[in-house]
Amino acid sequence: GRSVQKIFSAMGNQLVRLVVTDSLNCSSDTLVQQVMVHPKPFVNFGLSSGRLCTDSVLLFNDSSSITSGTINRFWWQTGNTVFTTSSIPFNVTSPGSISIRYAVGSAAGCSSDTLTRVFTAEANPMAAFDAAGNCTNRSIRFSNQSTISSGTIAAWQWSLGNSTASTQFNPVTTYTSAGNYNVQLQAVSSNGCRSRTETKQITIDATPVAAFTNSTVCAGSPAVFTANNSMQAYWWRFADGTVQTTAQAQKTFNSFGNQLIRLAVTSSQGCVSDTLQQTVPVNDKPLSRFRLSSGRLCTDSVLVFADNS
């Protein structure tokens with residue numbers, strides 16, 4: 001026919017011969033012509049940066065090769081979008097499969113095969129937590145509530161706002177000063193996908209200190225005990241096991257000696273003090289007595305009475 005197709009398996013110069021014959025069966029001289037067979041590019045590409053995670057930006061780079069000549073044409077397809085540069089960015093918006101088709105062409109006009117690769121993007125975790133406790137010098141417990149739509153969470157990175165870091169699932173810490181603290185948590189999946197950092201501000205209130213004053217305590221007489229600070233709640237406990245819950249407690253001790261008084265207080269923020277244990281001396285009650293020391297019990301007499309307690 002007037003045109004033929006031929007696939008050359010090797011590059012380089014190839015001799016092509018042509019003889020034509022007319023309708024009278026007359027043949028031309030043989031035309032011998034040298035044809036240059038150019039190499040076909042070998043297409044290849046790879047992921048040069050980014051993690052296969054939701055909300056990541058991936059960069060795919062050309063890594064094609066050619067035996068001789070140069071590659072100057074690029075063709076990428078992701079979904080219905082076509083790019084013609086040597087590298088392309090790709091925004092991962094959801095977990096699942098990412099199909100990339102790629103082909104290149106040489107300056108001589110030769111095109112490569114089309115290479116298709118499928119990548120799998122993993123889900124990012126979603127970091128979340130709560131805190132239990134709000135008082136200085138008390139254990140503050142954090143409850144990890146992080147989730148992931150598919151896969152597993154393998155690591156947790158906490159910054160607790162008091163120069164303490166933790167990788168525990170539910171860390172526990174204490175704060176020595178009242179104030180606001182920024183706590184941060186980032187969760188990491190088994191595939192290395194990271195959540196956005198969850199930040200919460202927690203308020204730590206001062207833990208009160210229990211203290212009291214008391215009147216002189218005498219056996220057999222009511223003694224008054226007064227808490228030093230105005231608090232939300234009070235808890236007094238005396239040595240005989242009786243309990244009182246007012247700011248000012250009254251107690252009568254029947255015998256002299258030392259008595260152990262316990263007091264704990266609760267602030268309006270719900271912080272409970274340590275229990276104060278304080279020994280109070282109970283003084284013996286004097287026995288009042290007197291006697292007639294001189295004089296007669298007669299009219300116009302002067303009597304003298306003397307203490308005999």
Side-chain angles (χ1 to χ4, degrees), residues 129-145 158 160-164 166 168 170-183 199-293 304-309:
F129 66 91
D130 270 336
N134 65 309
C135 305
T136 56
N137 301 311
R138 296 290 185 263
S139 293
I140 309 299
R141 300 180 182 275
F142 295 94
S143 174
N144 194 330
Q145 299 172 352
W158 295 85
L160 302 179
N162 58 350
S163 301
T164 301
S166 177
Q168 295 180 343
N170 290 327
V172 178
T173 192
T174 57
Y175 299 89
T176 57
S177 300
N180 295 323
Y181 295 85
N182 288 323
V183 179
T199 301
K200 281 187 178 181
Q201 187 179 84
I202 64 170
T203 300
I204 301 299
D205 299 301
T207 297
V209 176
F212 67 87
T213 57
N214 58 273
S215 61
T216 300
V217 184
C218 297
S221 298
V224 177
F225 300 88
T226 304
N228 285 6
N229 299 309
S230 177
M231 290 288 155
Q232 186 75 19
Y234 307 86
W235 181 87
W236 300 87
R237 184 180 177 88
F238 297 95
D240 61 359
T242 57
V243 172
Q244 297 184 36
T245 57
T246 56
Q248 192 176 77
Q250 279 194 359
K251 180 67 175 174
T252 299
F253 300 97
N254 294 322
S255 58
F256 69 93
N258 291 326
Q259 293 287 336
L260 183 64
I261 313 297
R262 294 179 174 88
L263 173 63
V265 294
T266 303
S267 71
S268 57
Q269 292 81 25
C271 297
V272 181
S273 71
D274 293 330
T275 299
L276 170 68
Q277 299 188 74
Q278 186 169 314
T279 300
V280 173
V282 178
N283 301 299
D284 190 15
K285 181 178 180 179
L287 180 60
S288 298
R289 291 180 180 178
F290 66 94
R291 61 183 174 83
L292 178 62
S293 63
V304 177
F305 296 96
D307 174 69
N308 200 27
S309 300

Trainee: To check you understand the geometry: which heavy-atom pair defines the closest contact between Ser255 and Ala219, and what is its length?
Mentor: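 Looking at all heavy atoms of both residues, the closest pair is C-CB, 3.8 Å.
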Trainee: Return the minimal non-hydrogen interatomic distance between Ala210 and Ala264, and the atom names on each side.
Mentor: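 Closest approach of Ala210 to Ala264: CB-CA, 4.4 Å.
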Trainee: Can you see which heavy atom on Ile140 is nearest to which on Ala131, and at what distance?
Mentor: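 That closest heavy-atom pairing would be CG2-CB, 4.5 Å.
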Trainee: Strictly below 4.0 Å, N to O, side chains only: are Asp274 and Arg138 in salt-bridge contact?
Mentor: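 Looking at Asp274 and Arg138, the cut-off is met.
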Trainee: Any side-chain heavy atom of Cys271 sitting closer than 4.5 Å to one from Asn134?
Mentor: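 Side-chain contact under 4.5 Å: yes.
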Trainee: Going by atom types alone, do Gln248 and Thr226 pair a side-chain donor with an acceptor below 3.5 Å?
Mentor: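 Their side chains do contain a donor-acceptor pair, which is all the 3.5 Å distance test asks for.
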Trainee: Whether the side chain of Lys200 engages the backbone of Asn182 through a donor-acceptor N/O pair (distance < 3.5 Å, no angle test) should be reported.
Mentor: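 Absent.
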Trainee: Check whether any side-chain heavy atom of Thr207 sits under 4.5 Å from a side-chain heavy atom of Thr136, and report yes or no.
Mentor: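 Counting from C-beta outward, Thr207 and Thr136 do come under 4.5 Å.
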Trainee: Answer whether the closest heavy-atom distance between the side chains of Ser267 and Gln232 falls below 4.5 Å.
Mentor: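 Counting from C-beta outward, Ser267 and Gln232 never come under 4.5 Å.
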Trainee: Could you check Ile261, Leu260, Asn258 and say which one makes a side chain to side chain contact (heavy atoms under 4.5 Å, CB included) with Val280?
Mentor: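 So, applying the side chain to side chain contact (heavy atoms under 4.5 Å, CB included) to Val280 and each of Ile261, Leu260, Asn258, only Ile261 qualifies.
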Trainee: Determine whether Val209 and Ser273 make a side-chain contact, defined as any pair of heavy atoms from C-beta on separated by less than 4.5 Å.
Mentor: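 They are not in contact (no side-chain heavy atoms under 4.5 Å apart), so the answer is no.
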Trainee: Counting only N and O atoms by type, is there a donor-acceptor contact under 3.5 Å from the side chain of Thr266 to the main-chain atoms of Gly270?
Mentor: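 Judged by distance alone, no pair lies under 3.5 Å.
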Trainee: Side chains of Lys251 and Pro222: does their closest heavy-atom pair fall under 4.5 Å?
Mentor: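 Not in contact.
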Trainee: Can you confirm if the aromatic rings of Phe238 and Phe225 lie within a centre distance of less than 6.0 Å?
Mentor: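 For Phe225 and Phe238, the ring centres are under 6.0 Å apart.
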Trainee: Would you check if the side chain of Trp158 reaches a backbone N or O of Gln168 as a donor-acceptor pair within less than 3.5 Å?
Mentor: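 Yes, Trp158 side chain to Gln168 backbone: donor-acceptor pair under 3.5 Å.
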Trainee: Nearest 0.5 Å, what's the CZ-CG distance between Arg237 and Leu263?
Mentor: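 Between atom CZ of Arg237 and atom CG of Leu263 there are 13.5 Å.
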Trainee: Check the pair Val172, Phe142 against side-chain contact (heavy atoms from CB on, under 4.5 Å), reporting the backbone distance first and the verdict last.
Mentor: CA-CA 6 Å; Val172 178; Phe142 295 94; over 6 Å; no
Trainee: Does any donor atom in the side chain of Asn180 or Thr203 lie under 3.5 Å from an acceptor atom in the other side chain?
Mentor: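 Present: a donor and an acceptor within the cut-off.
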Trainee: To the nearest 0.5 angstrom, please state how far the CG atom of Asp284 sits from the SG atom of Cys218.
Mentor: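 If we round to the nearest 0.5 Å, Asp284:CG and Cys218:SG are 9.0 Å apart.
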Trainee: Quick check: do Phe253 and Asp240 have side-chain heavy atoms less than 4.5 Å from each other?
Mentor: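 They are not in side-chain contact.
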Trainee: Go through it in stages, so that I can follow the logic: the residues are Asn283 and Thr216, the test is side-chain hydrogen bond (donor to acceptor under 3.5 Å, both in side chains), and I'd like the CA-CA distance, side-chain angles, deciding distance and then a yes or no.
Mentor: CA-CA 8 Å; Asn283 301 299; Thr216 300; 5.7 Å; no
Trainee: Tell me which one of Trp236, Trp235, Tyr234 satisfies ring pair (Phe, Tyr, Trp, His ring centres under 6.0 Å) with Phe212.
Mentor: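 So the option named by the test is Trp236.
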Trainee: Before giving the answer on side-chain contact (heavy atoms from CB on, under 4.5 Å), spell out for Phe129 and Val183 the whole-Å C-alpha distance, their side-chain angles and the decisive distance to 0.1 Å.
Mentor: CA-CA 10 Å; Phe129 66 91; Val183 179; 3.8 Å; yes
Trainee: Gln145 and Asp130: side-chain donor and acceptor closer than 3.5 Å?
Mentor: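 On atom types as modelled, these side chains qualify, holding a pair under 3.5 Å.
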Trainee: Check for a donor-acceptor pair, side chain of Asn170 on one end and backbone N or O of Asn144 on the other, with a separation under 3.5 Å.
Mentor: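 Side chain of Asn170 to backbone of Asn144, a donor-acceptor pair under 3.5 Å: yes, one is there.
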Trainee: Is there a side-chain contact between Tyr181 and Ile204, using heavy atoms and a 4.5 Å cut-off?
Mentor: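 With C-beta onward as the side chain, the pair touches.
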Trainee: Report the distance from atom CZ of Arg262 to atom CD of Gln278, rounding to the nearest 0.5 Å.
Mentor: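 Those atoms lie 12.5 Å apart.
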